[in-house]
Amino acid sequence: MPVSHRELTQMFERVLTLSKVDKTQSVAVLKSDYSNPRIVRAAMDAAQRLGANVYGVELPAFNHPRAMGMDMTAYCGDTPLTGNIAAQRALEAADLIVDTMMLLHSPEQEQILKTGTRILLAVEPPEVLARIMPTEEDKIRVNAAAERLKRARSIAVTSKAGSDFRATLGQYPTVTEYGFADEPGRWDHWPSGFLFSWPDEGSAEGTLVLDVGDILLPFKTYVREKVTLEIEEGFIRRIHGGFEAEYLRDYMAYFKDPEVYGISHIGWGLQPRAQWTAMGLHDKNDGMCMDARAFYGNFLFSTGPNTEVGGSRKTPCHMDIPLRGCDILLDGEPVVLAGDVVAPEASRA
Ligand SMILES: O=c1ccc(O)c[nH]1
Ligand SMILES: [Fe+2]
């Protein structure tokens with residue numbers, strides 16, 4: 001439902017406070033032609049009310065001629081910031097950037113974070129921001145799960161639908177998303193509440209079955225008939241099923257890039273305020289549907305780029321695919337069983 005400007009500003013004051021914004025800080029609000037002006041205004045007002053030095057960085061939108069759709073997660077890598085060194089310097093000067101245009105999965109984001117600047121992505125509709133306000137408790141739970149994932153050397157995912165996937169872990173870092181950017185060099189996304197890593201290169205193997213009700217992002221569709229992905233040596237080798245399988249095959253083939261079939265970040269959702277059902281109540285262009293990525297107990301896997309953790313796959317095609325009802329085991333020990341979080345205890349809602 002609609003959120004008033006006053007409430008949206010107060011929400012930003014709360015989340016920027018959690019992100020350690022105060023009168024000692026400088027805050028840059030990064031925007032482009034397609035940013036939600038209400039979010040830009042609320043972020044600017046809230047940062048000023050917290051006493052920070054506030055400035056705006058506006059970049060002309062960048063449309064890649066082959067990108068399809070409006071979802072910024074669909075076509076990754078090049079952004080309105082790409083190649084604009086002066087704007088990047090202006091952003092690196094900030095203690096915190098509120099990103100209302102999306103730098104995620106771009107090399108520039110990593111370069112900026114390496115300077116110690118924090119980045120908070122905020123592009124979802126105000127109603128979603130309000131329903132999934134981040135809390136210190138979310139941080140504690142996500143970090144508890146991250147302590148377990150950091151130690152893991154293998155992951156196995158199975159489901160009644162027929163998934164039987166495994167990979168080794170350790171080559172790449174664990175990434176947490178709990179909704180506020182409170183530590184130097186941290187990127188986070190409001191709203192969120194999940195964690196992930198990447199399979200060791202070439203180690204992802206087996207089958208992932210997208211069952212009825214699972215979600216395909218950025219298509220923003222619920223699967224209606226099973227799609228089976230066969231994975232060997234880190235890459236999807238076969239996609240079969242009915243219409244959705246054909247649609248996914250054709251969509252990925254469009255990029256004419258073998259790297260689109262690489263398995264990207266894999267992890268699970270820990271946000272009880274995110275709902276599997278929420279996507280059905282929004283238009284495709286309302287936002288990127290973080291409910292689907294963060295809902296409690298999902299297995300979220302993705303395809304394509306791994307540049308944000310130093311990988312070599314800089315393909316633009318990125319699919320985020322959350323599955324319900326999976327068992328997720330780390331080193332043979334369950335963290336999720338039948339789509340419910342079972343361990344570590346400190347991560348359970
Ligand atoms: O918060 C996000 C959003 C998209 C994505 O691919 C990862 N994390
Ligand atoms: Fe993703």
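Keep in mind that the numbers below use all heavy atoms, side chains included, and drop hydrogens, waters and symmetry copies. As the structure lists them, so they are numbered: ligands from 1, and atoms in each ligand from 1.
Every atom of ligand 1 is numbered from 1 in the order shown, and the set under 4.0 Å from a heavy atom of H189 is 1 (O), 2 (C), 3 (C). Ligand 1 places these atoms under 4.0 Å from at least one heavy atom of R293: 3 (C), 4 (C), 5 (C). For ligand 1 and W187, the ligand atoms under 4.0 Å from any heavy atom of the residue are 1 (O). Here is the list of ligand 1 atoms found below 4.0 Å of a heavy atom in M290: 1 (O), 2 (C), 3 (C). Residue H318 has at least one heavy-atom neighbour below 4.0 Å for each of these atoms of ligand 1: 6 (O). The atoms of ligand 1 that sit less than 4.0 Å from any heavy atom of M288 are 3 (C). Ligand-side atoms of ligand 1 in range of L104: 2 (C), 3 (C), 4 (C), 5 (C), 7 (C), 8 (N), range being under 4.0 angstrom from any heavy atom. For ligand 1 and D320, the ligand atoms under 4.0 Å from any heavy atom of the residue are 4 (C), 5 (C), 6 (O).
Shown here is R49, whose CZ atom has no more than 12 heavy atoms of other residues, nucleotides or ligands within 6.0 Å.
Using cut-offs of 30° and 60° for the angle between ring planes, the H265 and F196 rings count as tilted. A perpendicular orientation is assigned to the rings of H64 and F62, their planes being inclined by more than 60° (bins at 30° and 60°).
Distance check for H318 against the Fe ion (ligand 2): an N/O/S atom falls below 2.8 Å.
Using a cut-off of 4.0 Å between Lys/Arg side-chain N and Asp/Glu carboxylate O, E333 and R151 are scored as not salt-bridged. With respect to the salt-bridge test (charged N to carboxylate O, under 4.0 angstrom), the residues D331 and R148 qualify. A salt bridge links R89 with E92: the closest approach of a Lys/Arg side-chain nitrogen to an acidic carboxylate oxygen falls below 4.0 angstrom.
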Working note: D45 + T9, criterion side chain to side chain donor-acceptor pair (under 3.5 Å); need CA distance, chi angles, decisive distance, verdict.
CA-CA 7 Å; D45 291 355; T9 307; 4.7 Å; no

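At a heavy-atom distance under 4.0 Å, no atom of L121 approaches ligand 1. Of the heavy atoms in W190, none comes closer than 4.0 Å to ligand 1.
In this structure, F165 has its ring center no closer than 6.0 Å to that of F301.
For atom 2 (C) of ligand 1, the closest non-hydrogen atom of the protein is E177 OE2, 3.4 Å.
Judged purely by distance below 3.5 Å, without hydrogens or angles, the side chains of E230 and H240 pair a donor atom with an acceptor atom.
Closest approach between the Fe ion (ligand 2) and any N/O/S atom of D320 involves OD1.
For a threshold of 3.5 Å applied to N or O pairs, the pair formed by T73 and ligand 1 contains no separation below that value.
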